[in-house]
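Working notes, beginning with the structure itself.
Quick note on labels: first sequence line is chain A, next is B, and so on, each numbered from 1. Any value given below was found using the heavy atoms of this structure, including those in side chains, with hydrogens, waters and symmetry copies removed.
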There are 2 protein chains.
Amino acid sequence: MTITEVSKKYDISQDTLRYYERIGLIPAVNRTKGGMRDYTEESCGWIELAKCMRSAGIPIEALIEYCALAQQGDRTITARKELLVEERTKLLEKMEDMKKTLDKLNYKIDIYEKAEVSGVLSWEKPNA
Amino acid sequence: MTITEVSKKYDISQDTLRYYERIGLIPAVNRTKGGMRDYTEESCGWIELAKCMRSAGIPIEALIEYCALAQQGDRTITARKELLVEERTKLLEKMEDMKKTLDKLNYKIDIYEKAEVSGVLSWEKPNA
DNA sequence: TCTTGACTTGGAGTGCACTCCATATGTTAA
DNA sequence: TTAACATATGGAGTGCACTCCAAGTCAAGA
């Protein structure tokens with residue numbers, strides 16, 4: 001697959017795809033004789049993984065380390081697992097923060113909806 | 001309350017507190033005759049709100065707009081509600097992405113735990 | 001073969017959200 | 001009053017994650 005095809009398939013810019021490869025967030029991609037990238041199934045798997053992890057805010061740094069470990073074979077299984085467990089912990093914390101914010105947003109939206117009827121919010125705190 | 005007290009209470013740096021005020025993410029804080037900040041209950045309410053929203057990744061830009069609207073009184077009730085609804089929608093989308101990533105992490109961690117017993121991961125995709 | 005468009009690289013630039021710094025002024029205990 | 005420390009301001013610097021650009025190379029159709 002060409003970079004254009006992969007870019008469209010995963011909705012990631014070509015610049016970002018090259019960037020991810022350059023920094024080692026995904027392993028080096030196969031090339032044609034001419035030097036053009038030729039993405040394999042496996043490359044695509046890495047890109048899909050990168051996209052998923054990044055969409056949840058997993059830091060680039062952690063993904064680079066994971067990729068480096070993965071390329072060192074089965075002896076890094078424990079290290080990789082620990083890395084993932086650590087990121088999962090952070091992710092769960094972030095999700096809790098978001099849940100709290102969501103509750104607050106729901107509460108405030110509810111108050112605003114009631115205020116739209118009366119036209120005033122004065123019985124509430126100014127920043128409610 | 002002094003900036004030091006507020007900083008400790010909410011675990012936000014003094015620099016960040018001043019920054020938030022400067023950019024209008026919170027309304028101007030009261031001052032003593034000497035020009036030092038003297039945070040009121042209301043200021044603290046804004047700071048708490050800012051902290052909560054920022055912890056969930058709500059962009060600074062949206063919070064500045066919300067703060068500006070709030071200072072214009074009851075006629076901005078609908079605008080404020082719409083702003084909050086929009087941010088809630090984005091937040092829910094982000095939470096869904098995170099849920100997907102969490103599922104993937106759980107799946108992979110499970111695979112790694114099984115691989116730790118056997119010592120090999122070869123029956124799985126390299127990036128699993 | 002030639003032209004057009006896609007692709008390459010290294011490096012510079014961008015946007016966001018802080019974070020740090022220099023210099024000046026306010027506050028408080030001795 | 002004076003030393004020591006807290007706080008003020010405006011502006012520069014940082015870290016992260018892209019994003020853009022220039023200059024050159026490769027590939028495919030007329």
Main-chain N/O of A:A56 paired with A:K94 side-chain donor or acceptor, under 3.5 Å: yes
Over 12 non-hydrogen atoms of neighbours within 6.0 angstrom of NZ in A:K99: no
Side chains of A:S7 and A:T4, donor plus acceptor under 3.5 Å: no
Least distance between heavy atoms, A:A62 atom then A:E87 atom: CB-OE2, 3.5 Å
Which atom of B:V29 lies closest to which atom of B:E21, heavy atoms considered: N-OE2, 2.9 Å
Stepwise side-chain contact (heavy atoms from CB on, under 4.5 Å) test for A:D103 and A:K100: CA-CA 5 Å; A:D103 289 344; A:K100 277 183 204 143; 5.5 Å; no
Toward the 5' end of DNA chain C, by each residue's nearest nucleotide, B:E61 or B:G35: B:E61
Separation of D:dA8 P from B:Y19 OH (nearest whole Å): 18 Å
Earlier contact from the 5' end, DNA chain D, for A:L25 and B:M36: B:M36
Spacing of A:Q14 atom CD relative to D:dC21 atom P, expressed in whole Å: 15 Å
B:T2 side-chain N/O to D:dA6 phosphate OP1/OP2 under 4.0 Å: no
Any B:R18 side-chain nitrogen or oxygen under 4.0 Å from OP1 or OP2 of D:dA8: yes
Range on DNA chain C touched by chain B, heavy atoms, distance below 4.0 Å: C:dA17 to C:dT27
Evaluation steps, side-chain contact (heavy atoms from CB on, under 4.5 Å), between A:M98 and B:L91: CA-CA 7 Å; A:M98 288 176 141; B:L91 182 59; 3.9 Å; yes
Side-chain N,O (B:R37) to OP1/OP2 (D:dA8) below 4.0 Å: yes
Donor-acceptor contact below 3.5 Å, side chain A:T76 vs main chain A:A79: no
Nearest-angstrom distance from the residue atom CZ of B:R22 to C1' of D:dA8: 11 Å
Over 12 non-hydrogen atoms of neighbours within 6.0 angstrom of CD in A:E61: no
Nearest-angstrom distance from the residue atom CE of B:M1 to P of D:dT7: 12 Å
Neighbours of DNA chain C within residues 85-97 of chain B, by heavy-atom distance under 4.0 Å: none
Atom-to-atom span, CD of B:E5 to P of D:dA6 - whole angstrom: 13 Å
For atom CG of B:D15 and atom P of D:dA8, their distance in whole Å: 11 Å
Upstream residue (5' side of DNA chain C) when B:I58 and B:G34 are each assigned their closest nucleotide: B:I58
